[in-house]
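Following: one structure in structure tokens, then a few remarks.
Numbering of residues begins at 1 and proceeds along the displayed sequence. All values reported here derive from a predicted model rather than from experimental measurement.
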Amino acid sequence: QVQLVESGGGSVQAGGSLRLSCSGSVYTISTACMAWFRQAPGQGREGVATIDMDDKSTYADSVKGRFTISKDNGNNTLYLQMNSLKPEDTAMYYCAADPGLEFCTVAVRTAYGMAYWGNGTAVTISL
């Protein structure tokens, strides 16, 4: 059973920063396609960023240049550094993993989903 646990969400003002963390098993973090998704109230779930076992990353256009996905295999942790936050970034953020490494990109994973999900951490950005 793959377990993913997110943390680090909260409320900040626009322009601020947050760093989300996701803890998982060493096997998952180091060898799977890992991703962050988000779901705003009343909207569908969208891919934010992905990273593969070679540390190649992709981002949604809406967060490029502001968000950075990274992972620490030694600590079994996935991160999402979020800077220059905007009110439209308000959402529940989910960590996700998939053992299939092909097409570990935001576009493909948004369309086809991921195998395992965390329960999410809430992010609220105010003006």
Side-chain angles (χ1 to χ4, degrees):
Q1 185 78 11
V2 175
Q3 287 190 316
L4 301 169
V5 180
E6 303 94 336
S7 61
S11 299
V12 298
Q13 289 189 319
S17 298
L18 282 173
R19 189 175 80 158
L20 306 183
S21 300
C22 171
S23 63
S25 70
V26 61
Y27 176 80
T28 301
I29 297 293
S30 64
T31 66
C33 172
M34 300 298 301
W36 288 98
F37 281 70
R38 67 185 181 186
Q39 186 167 17
Q43 298 186 26
R45 192 173 292 185
E46 65 168 340
V48 173
T50 63
I51 188 167
D52 68 12
M53 64 181 297
D54 296 319
D55 287 344
K56 287 185 292 185
S57 58
T58 69
Y59 296 90
D61 287 343
S62 59
V63 306
K64 278 181 183 175
R66 300 188 299 121
F67 290 12
T68 303
I69 189 171
S70 63
K71 57 191 174 91
D72 183 337
N73 294 333
N75 287 323
N76 311 331
T77 305
L78 178 74
Y79 299 103
L80 185 68
Q81 178 67 44
M82 306 187 295
N83 299 328
S84 302
L85 284 160
K86 304 175 181 180
E88 50 264 44
D89 295 318
T90 294
M92 187 70 77
Y93 283 73
Y94 298 89
C95 171
D98 197 300
L101 292 170
E102 285 190 300
F103 307 115
C104 186
T105 67
V106 166
V108 172
R109 295 301 173 155
T110 298
Y112 292 100
M114 302 286 281
Y116 305 104
W117 297 86
N119 290 326
T121 185
V123 171
T124 303
I125 312 301
S126 59
L127 288 170

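Distance OG/Ser70 to CG/Leu78: 7.0 Å, rounded to 0.5 Å. Here CD1 of Ile69 is found 8.0 Å from OG1 of Thr58. Values are rounded to the nearest 0.5 Å. Taking OG from Ser62 and CD from Glu88, the interatomic distance works out to 8.5 Å, rounded to the nearest 0.5 Å. Distance NZ/Lys56 to OG1/Thr105: 11.0 Å, rounded to 0.5 Å. Between Asp89 atom CG and Ile125 atom CD1 the span is 6.0 Å, to the nearest 0.5 Å.
Listed by chain and residue number, Arg38 satisfy the side-chain hydrogen bond (donor to acceptor under 3.5 Å, both in side chains) test with Glu46 (two or more places apart in sequence, or in another chain). Applying the side chain to side chain contact (heavy atoms under 4.5 Å, CB included) rule to Asp55 yields the partners Ile51, Lys71; only residues at least two apart in sequence or on another chain are considered. For Ala40, the side chain to side chain contact (heavy atoms under 4.5 Å, CB included) partners two or more places apart in sequence, or in a different chain, are Gln43, Ala91. Scored by the salt bridge (Lys or Arg N to Asp or Glu O under 4.0 Å) test, Arg109 finds Asp98 as partners (sequence neighbours excluded). In terms of the side-chain hydrogen bond (donor to acceptor under 3.5 Å, both in side chains) criterion, Lys86 has no residue partners (sequence neighbours excluded). By the salt bridge (Lys or Arg N to Asp or Glu O under 4.0 Å) test, Asp54 is found to be paired with no residue, residues two or more places apart in sequence or in another chain being considered. Scanning for ring-ring contact (aromatic ring centres under 6.0 Å, His included) contacts around Tyr93 gives an empty result, with sequence neighbours left out.
In this structure, Thr90 contributes its side chain and Pro87 its backbone to a donor-acceptor pair below 3.5 Å. At least one donor-acceptor pair closer than 3.5 Å links the side chain of Thr110 to the backbone N or O of Gly47.
Counting Ile, Leu, Val, Met, Phe, Trp and Tyr side chains that sit under 4.5 Å apart, directly or through other members, Trp117 shares a hydrophobic cluster with Phe37, Met92, Tyr94, Met114.
The list of ring pair (Phe, Tyr, Trp, His ring centres under 6.0 Å) pairs with a residue in residues 41-92, not counting sequence neighbours, is empty. Pairs passing the disulfide bond (SG atoms under 2.5 Å apart) check and including a residue from residues 97-127, sequence neighbours excluded, read Cys33-Cys104. Residue pairs that meet the disulfide bond (SG atoms under 2.5 Å apart) test with at least one member in residues 36-75, sequence neighbours left out, do not exist here.
Across all non-hydrogen atoms, the minimal contact from Cys22 to Ile29 is O-CD1, 4.2 Å. Of all heavy-atom pairs between Arg66 and Ser84, the closest is NH1-O, 2.9 Å.
Cluster membership check: Tyr116 does not share its hydrophobic cluster with Val108, using side-chain heavy-atom separations under 4.5 Å among Ile, Leu, Val, Met, Phe, Trp and Tyr. Hydrophobic clustering (side-chain heavy atoms under 4.5 Å, transitive across Ile, Leu, Val, Met, Phe, Trp, Tyr) keeps Val106 apart from Val48.
With Asn75 as reference, Asp72 is the one residue of Asp72, Thr77, Asn73 to meet the side chain to side chain donor-acceptor pair (under 3.5 Å) rule.
By the 6.0 Å contact criterion, CD on Gln39 is enclosed, its count of non-hydrogen atoms from other residues, nucleotides or ligands being greater than 12.
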Donor-acceptor pairs are to be reported for all side-chain atoms of residues 4-21 against protein atoms at under 3.5 Å, with residues two or more places apart or in another chain.
{"unit_1": "Glu6", "atom_1": "OE1", "unit_2": "Asn119", "atom_2": "N", "d": "3.1"}
{"unit_1": "Glu6", "atom_1": "OE1", "unit_2": "Gly120", "atom_2": "N", "d": "2.9"}
{"unit_1": "Glu6", "atom_1": "OE2", "unit_2": "Cys95", "atom_2": "N", "d": "2.8"}
{"unit_1": "Glu6", "atom_1": "OE2", "unit_2": "Gly120", "atom_2": "N", "d": "3.2"}
{"unit_1": "Ser17", "atom_1": "OG", "unit_2": "Asn83", "atom_2": "OD1", "d": "2.9"}

